[in-house]
Amino acid sequence: MPQKEGESYITEFALIQKAQKGDTEALEKLIDRYYDNIFSYLFRKVGSIELAEDLTQEVFLRLVKTLSRYRPTGKFSNYVFTIAVNAANDYFRKNKLFIHEELNSVDIDAGIDIEGILIEQEQHIRLKEALEKLPDMQKDAILLRYFHNMKIKNIAKITGTNPSTVKSRISQGLNKLKIILLEDESE
């Protein structure tokens, strides 16, 4: 889980330093701190639980390999998300395909609003399909901003651009999403 506002930067920095010196317990704590967020980002990006799990493992393997070279010039979360964005982009570049999420089966149980669940799943699927139609640069910016609550300046660092480019990508991406979703409704 990422650093909470009330937690001390020194605590995370101490973990990083210990992990850089080979302390496996400190490394495990760092991985535990970021695992869920990285998995969540990758799942939204690739749409497959299995692929997201594989890519998440790849991200943390890359982190282990590069941690000795890490210098605290910015947020550690930016560093980890940069690795995740690059891992996903490398995967797509190598495989040139897009994975679609399989529909999860819904357990029918008394007292559950099945219709509500199905409507929510349909909306989720429509949004996911619309996101997949966006260029990767816009999709990354939107996922990081709205699904991971990142600030524009952090997204800029992660994607290697400037804040105005990130704002533009988000704006253009949201406009495209709106058009795509409206087109889907009219069909």
Side-chain angles (χ1 to χ4, degrees), residues 1-95 98-99 131-132 134-174:
M1 170 186 313
Q3 192 82 10
K4 293 197 176 28
E5 289 298 321
E7 289 181 11
S8 170
Y9 169 77
I10 296 170
T11 303
E12 182 168 83
F13 183 67
L15 282 175
I16 294 166
Q17 285 185 317
K18 287 179 180 180
Q20 286 176 323
K21 293 177 183 173
D23 184 331
T24 56
E25 188 175 321
L27 179 61
E28 285 178 23
K29 285 181 182 178
L30 282 173
I31 290 171
D32 286 345
R33 198 173 268 197
Y34 290 98
Y35 191 92
D36 290 343
N37 261 341
I38 295 301
F39 173 80
S40 175
Y41 164 75
L42 291 168
F43 175 69
R44 287 184 179 107
K45 174 94 173 167
V46 302
S48 162
I49 291 174
E50 294 81 16
L51 181 55
E53 288 171 344
D54 290 346
L55 287 173
T56 301
Q57 292 301 316
E58 174 66 24
V59 167
F60 289 106
L61 285 172
R62 289 183 186 187
L63 175 67
V64 169
K65 289 179 185 176
T66 63
L67 189 60
S68 65
R69 295 187 304 248
Y70 171 75
R71 299 294 171 257
T73 56
K75 289 185 171 184
F76 187 69
S77 62
N78 291 351
Y79 181 72
V80 178
F81 268 97
T82 300
I83 295 171
V85 168
N86 290 336
N89 290 338
D90 289 349
Y91 173 80
F92 284 121
R93 224 181 345 268
K94 287 177 187 171
N95 293 290
F98 297 94
I99 308 293
L131 276 168
E132 288 177 4
L134 295 179
D136 280 340
M137 294 179 285
Q138 291 172 355
K139 184 179 3 177
D140 286 340
I142 288 171
L143 288 174
L144 293 171
R145 178 72 180 117
Y146 295 106
F147 291 90
H148 295 281
N149 298 320
M150 290 196 167
K151 294 179 181 174
I152 300 293
K153 67 179 183 174
N154 292 334
I155 297 169
K157 288 178 185 174
I158 289 168
T159 58
T161 60
N162 59 52
S164 61
T165 301
V166 171
K167 288 178 187 176
S168 174
R169 288 176 180 171
I170 290 172
S171 176
Q172 291 171 356
L174 290 175

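Nothing here was measured: the structure is a model prediction, and the numbers come from that model.
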Subject >> With Ile38, the side chain to side chain contact (heavy atoms under 4.5 Å, CB included) member among Ile83, Val59, Leu63 >> reply: Val59
Subject >> Evaluation steps, side chain to side chain donor-acceptor pair (under 3.5 Å), between Gln57 and Tyr35 >> reply: CA-CA 9 Å; Gln57 292 301 316; Tyr35 191 92; 3.3 Å; yes
Subject >> Inter-residue atom distance Lys75.NZ - Lys157.NZ, 0.5 Å rounding >> reply: 8.0 Å
Original post:
Taking only residues two or more places apart in sequence, or in another chain, which ones meet Ser164 in a side chain to side chain donor-acceptor pair (under 3.5 Å)?
Top reply: Asn162
Subject >> Which atom of Leu134 lies closest to which atom of Gly173, heavy atoms considered >> reply: CD2-O, 3.8 Å
Original post:
Side-chain contact, heavy-atom cut-off 4.5 Å: Phe81 with Met150?
Top reply: yes
Original post:
Is a side-chain N or O of Ser171 found less than 3.5 angstrom from the main chain of Lys167, in a donor-acceptor match?
Top reply: no
**OP:** Rounded to the nearest 0.5 Å, what's the gap from CG on Leu15 to CD1 on Ile31? Could you check?
**Re:** 11.5 Å
Original post:
If every non-hydrogen atom of Ala84 is compared with every non-hydrogen atom of Leu42, which pair is closest and at what distance?
Top reply: O-CD2, 3.8 Å
Original post:
CG of Asp140 to CG of Asn89: how many Å apart, nearest 0.5 Å?
Top reply: 5.5 Å
Original post:
Side chains of Asp136 and Lys45: does their closest heavy-atom pair fall under 4.5 Å?
Top reply: yes
**OP:** Quick one: pull up NZ in Lys65 and CZ in Phe60 and give me the separation to the nearest 0.5 Å.
**Re:** 15.0 Å
Subject >> side-chain contact (heavy atoms from CB on, under 4.5 Å) between Asp54 and Glu58, intermediate numbers included >> reply: CA-CA 6 Å; Asp54 290 346; Glu58 174 66 24; over 6 Å; no
**OP:** Measure the acute angle between the ring planes of Phe76 and Tyr70, then classify it against the limits of 30° and 60° as parallel, tilted or perpendicular.
**Re:** perpendicular
Original post:
Given the rule in the side-chain contact (heavy atoms from CB on, under 4.5 Å) test, do Leu51 and Phe43 qualify, once you have shown the distances and angles that lead to the verdict?
Top reply: CA-CA 8 Å; Leu51 181 55; Phe43 175 69; over 6 Å; no
**OP:** Please confirm whether Phe147 and Tyr41 have ring centers closer than 6.0 angstrom.
**Re:** no
Original post:
In Å, rounded to the nearest 0.5 Å, how long is the span from OG1 of Thr66 to CD of Gln20?
Top reply: 9.5 Å
**OP:** Could I get the full list of side chain to side chain contact (heavy atoms under 4.5 Å, CB included) partners for Arg169, not counting sequence neighbours?
**Re:** Met137, Gln138, Ala141, Thr159, Thr161, Thr165
Original post:
Looking at CG of Leu144 and CD1 of Ile155, how far apart are the two atoms once the value is rounded to the nearest 0.5 Å?
Top reply: 5.5 Å
**OP:** Identify the two heavy atoms, one from Ala26 and one from Ala19, that lie closest to each other, and give their separation to 0.1 Å.
**Re:** CB-N, 3.8 Å
**OP:** Looking only at non-hydrogen atoms, find the nearest pair between Arg44 and His148 and report the distance.
**Re:** NH1-NE2, 3.8 Å
Subject >> Verdict with reasoning, Ile142 to Arg145, per side-chain contact (heavy atoms from CB on, under 4.5 Å) >> reply: CA-CA 5 Å; Ile142 288 171; Arg145 178 72 180 117; 5.9 Å; no
Original post:
What pair of heavy atoms forms the shortest contact from Pro163 to Ala156, and how long is it?
Top reply: N-CB, 3.7 Å
Subject >> NZ/NE/NH1/NH2 to OD/OE distance under 4.0 Å, Asp90 and Arg62 >> reply: yes
**OP:** Heavy atoms only: give me the nearest Tyr146-Leu174 pair and the separation to one decimal.
**Re:** OH-CD1, 3.5 Å
Original post:
Should Val80 and Leu30 be marked as a side-chain contact (heavy atoms from CB on, under 4.5 Å) after you check the CA-CA gap, both sets of side-chain angles, and the distance that decides it?
Top reply: CA-CA 10 Å; Val80 178; Leu30 282 173; over 6 Å; no
